[in-house]
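See structure below.
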Amino acid sequence: MESRWYPKKGRVIFHVDMNSFYASVEAAFDPSLKGKPLAIAGNPEERRGIVVTSSYEARKYGVKTTMPVGEARRLCPDLLVMRPNFERYRTASKEIFKILADVTSLIQPVSIDEGYMDITACEDQGSPPVIAERIQQRIADELDLPCSIGIAPNKFLAKMASDMKKPMGITILRKRDLRHKLWPLPIEEMYGVGSKTAEKLRKMEIETIGHLADHPVLDLKQVLGINGERLQNRANGIDDRHVDPDAVHEFKSIGTSTTLPEDTTDDAEIQAVLRRLSNKVEARMKNKKVLARNVQLMIRYYDRKTVTRSRQLQEFIHTSEDLFQTAMQLFDEHWNQQPVRLLGVTASDLAEKSEVTQQLDLFNYQQYASKEKLYKTIDDLTEKYGSNPFRKLSNPNENQVTTSFQKDFLDDFKK
């Protein structure tokens, strides 16, 4: 019966992607927001504040992501602008992943609002489309949130499938579907192809994913290195990555330390050492293509007494300057004014750069955007009427601003 959906050698992978997560959570919490032009932005009282997501109703007026709030209000005088509530979003995310865990333990979170599932061993629960519909309906009924689900034989195709129909879409993408479903898409729509890579590919007259699939691989490797071959494999539906529930924990830390030539209390020398250590950590992070969300400082004093102090950050970082600034803050806060013999800087809570979905600190968005483009912007807001489960959930830390995926969400799911 259902066995035709479950290949003996292959896999069945879901990619579950919440639609317009932040805005949808706000509309679920307050149904009066449904159907209204809504934007979520940092510093909504300031005209210079930046819009990071807007509803369909707002977009009809031309409101766009990264647009200043002042300009958005001119285009849409009735625009509702809200500050984000990250504790509310974390609460919703935890409930979503609990629902997924009722289907299988093989879940790999990618961010606060998306994750992969391997349902290859779930034949007794029904066909993949039936399981996907059940998941989608539960999330809608219990949390009043919309999601799209991609069904495919591997992670890349599942990710591409979930993007093909939003909101509330369920899309099946098999390898035999590539020619008419995937290959006609513009190269920019391929997961893993950023603006710079797309620009290089277009210079090679690669305009679509199909062009990439057929292009001579040696040319691709000459321009993009090993990533060129990897992208071509993906374009041809080849992706052997497994859904790994432990992926969020697989990177432990990257750190380095050094013993100073002489014990010192000199601020300038200590700063110079911490900057050199931060540069080394950045280089190793760049080589491993990871980002960090925790920085640890080690101080060993002249009497060999050693202390370590760390700071959990609100967003992932990867530059030596960010590492240095955090290390210096820790040093200033915890140095006991005694001579220092050894210093160490360690980056931890690491995640693959290609997999991280940056959930922006909306209050610092302008500063962040001036240094680097968005990893991901929030999808368009959709209407979904129903009950309001979030009124039952307490939010003791509503004012706490934390934006990236909280990996400790999964602790409850693995018990």
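For reference, positions follow the sequence shown, starting with 1. Fair warning: this is a prediction, and the values are worked out from it, not measured in the lab.
- Panel note: side chain T326, backbone D322; a donor-acceptor pair is recorded below 3.5 Å.
- Using a 4.5 Å heavy-atom threshold, the side chains of M204 and V223 count as touching.
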**Item:** Residue pair Q271, F324: steps toward the side-chain contact (heavy atoms from CB on, under 4.5 Å) verdict
**Value:** CA-CA 9 Å; Q271 286 192 33; F324 169 73; 4.2 Å; yes

**Asked** Between V295 and R311, is a side-chain contact (heavy atoms from CB on, under 4.5 Å) present by the stated rule, with each step listed?
**Response** CA-CA 6 Å; V295 177; R311 173 160 295 164; 5.5 Å; no

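- The minimum heavy-atom distance linking A41 with V81 is given by the pair CB-CG1, 4.0 Å.
- Using a 4.5 Å cut-off on side-chain heavy atoms (C-beta onward), Y6 and I119 make contact.
- Under the side-chain hydrogen bond (donor to acceptor under 3.5 Å, both in side chains) criterion, E199 pairs with no residue, sequence neighbours left out.
- Checked by atom type and distance alone, the side chain of Q125 pairs as donor or acceptor with a backbone atom of V103 at under 3.5 Å.
- Among residues two or more places apart in sequence or in another chain, the side-chain hydrogen bond (donor to acceptor under 3.5 Å, both in side chains) test is passed with E189 by none.
- Note that the CZ atom of F316 and the CG atom of D349 stand 5.5 Å from one another [nearest 0.5 Å].
- Using a distance-only test at 3.5 Å, with no hydrogens or angles considered, no donor-acceptor pair links the side chain of N236 to the main chain of I238.
- To the nearest 0.5 Å, atom CZ of residue R241 and atom CG of residue N154 are 8.0 Å apart.
- Here CG of L291 is found 11.5 Å from CG of L313. Values are rounded to the nearest 0.5 Å.
- Here the side chains of E133 and I170 are in contact, with some heavy-atom distance below 4.5 Å.
- Considering only heavy atoms from C-beta on, I107 stays 4.5 Å or farther from V243 through its side chain.
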**Asked** Would L277 and V281 satisfy side-chain contact (heavy atoms from CB on, under 4.5 Å), going step by step from the backbone distance to the final call?
**Response** CA-CA 6 Å; L277 294 175; V281 173; 5.5 Å; no

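- In terms of heavy atoms, A347 sits closest to A292 at CB-CB, 3.7 Å.
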**Request:** Starting from the C-alpha separation in whole Å, work towards a yes-or-no answer on side chain to side chain donor-acceptor pair (under 3.5 Å) for H15 and E114.
**Result:** CA-CA 7 Å; H15 180 259; E114 63 175 310; 2.6 Å; yes

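- The minimum heavy-atom distance between Q136 and S148, with the atom names listed, is NE2-CA, 4.4 Å.
- Inspection of the R276 and N279 side chains reveals no N or O donor paired with an N or O acceptor under 3.5 Å.
- Rounding to the nearest 0.5 Å gives a distance of 5.0 Å between CG of L182 and CE of M164.
- Counting non-hydrogen atoms of other residues, nucleotides and ligands closer than 6.0 Å to CZ of R179 gives a total of 12 or fewer.
- A 6.0 Å sphere centred on CD of Q329 holds more than 12 heavy atoms belonging to other residues, nucleotides or ligands.
- Considering all non-hydrogen atoms of both residues, P129 and I172 come closest at CG-CD1, 3.9 Å.
- Annotation: the span from L323 atom CG to Q296 atom CD amounts to 12.5 Å, rounded to 0.5 Å.
- The 12-atom threshold is exceeded at NZ of K181, counting heavy atoms of other residues, nucleotides or ligands nearer than 6.0 Å.
- Remark: side-chain polar atoms of T208 are not paired, donor with acceptor, to backbone N or O of P184 under 3.5 angstrom.
- Side chain of E188 to main chain of S195: no donor-acceptor pair is present (N/O by atom type, distance under 3.5 Å, no hydrogens or angles).
- Of all heavy-atom pairs spanning A132 and I149, the tightest one is O-CD1, 3.4 Å.
- The backbone N or O of V340 lies less than 3.5 Å from no partner atom in the side chain of R300, so there is not a single donor-acceptor pair.
- Of all heavy-atom pairs between P146 and M168, the closest is CA-SD, 3.5 Å.
- Using a 4.5 Å heavy-atom cutoff, the side chains of D118 and V12 are not in contact.
- With hydrogens and angles disregarded, no donor-acceptor distance shorter than 3.5 Å links the side chain of W335 to the backbone of L330.
- Between the NZ atom in K36 and the CG atom in L79 there is a gap of 12.5 Å [rounded to 0.5 Å].
- A cation-pi contact, defined as under 6.0 Å to the ring centre and within 45° of the axis, links R88 to F29.
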**Item:** Residue pair D239, L157: steps toward the side-chain contact (heavy atoms from CB on, under 4.5 Å) verdict
**Value:** CA-CA 8 Å; D239 180 10; L157 293 180; over 6 Å; no

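- Looking only at side-chain heavy atoms (C-beta outward), S93 and F21 come within less than 4.5 Å of each other.
- Residues Q312 and N294 bring a donor and an acceptor atom of their side chains to less than 3.5 Å of each other.
- The shortest distance between side-chain heavy atoms of E95 and K98 falls below 4.5 Å.
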**Message:** Could you go through R230 and N233, starting from their C-alpha distance and side-chain angles, then the distance that decides it, and tell me whether this counts as side chain to side chain donor-acceptor pair (under 3.5 Å)?
**Reply:** CA-CA 5 Å; R230 180 164 51 244; N233 284 337; over 6 Å; no

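- The number of heavy atoms from other shown groups lying within 6.0 Å of CD (E205) does not exceed 12.
- Between the D219 side chain and the P216 main chain, no donor and acceptor come within less than 3.5 Å of each other.
- With a 4.5 Å cut-off on side-chain heavy atoms, I13 and M117 do not count as touching.
- In this structure a side-chain-to-backbone donor-acceptor pair under 3.5 Å is present from Y89 to N85.
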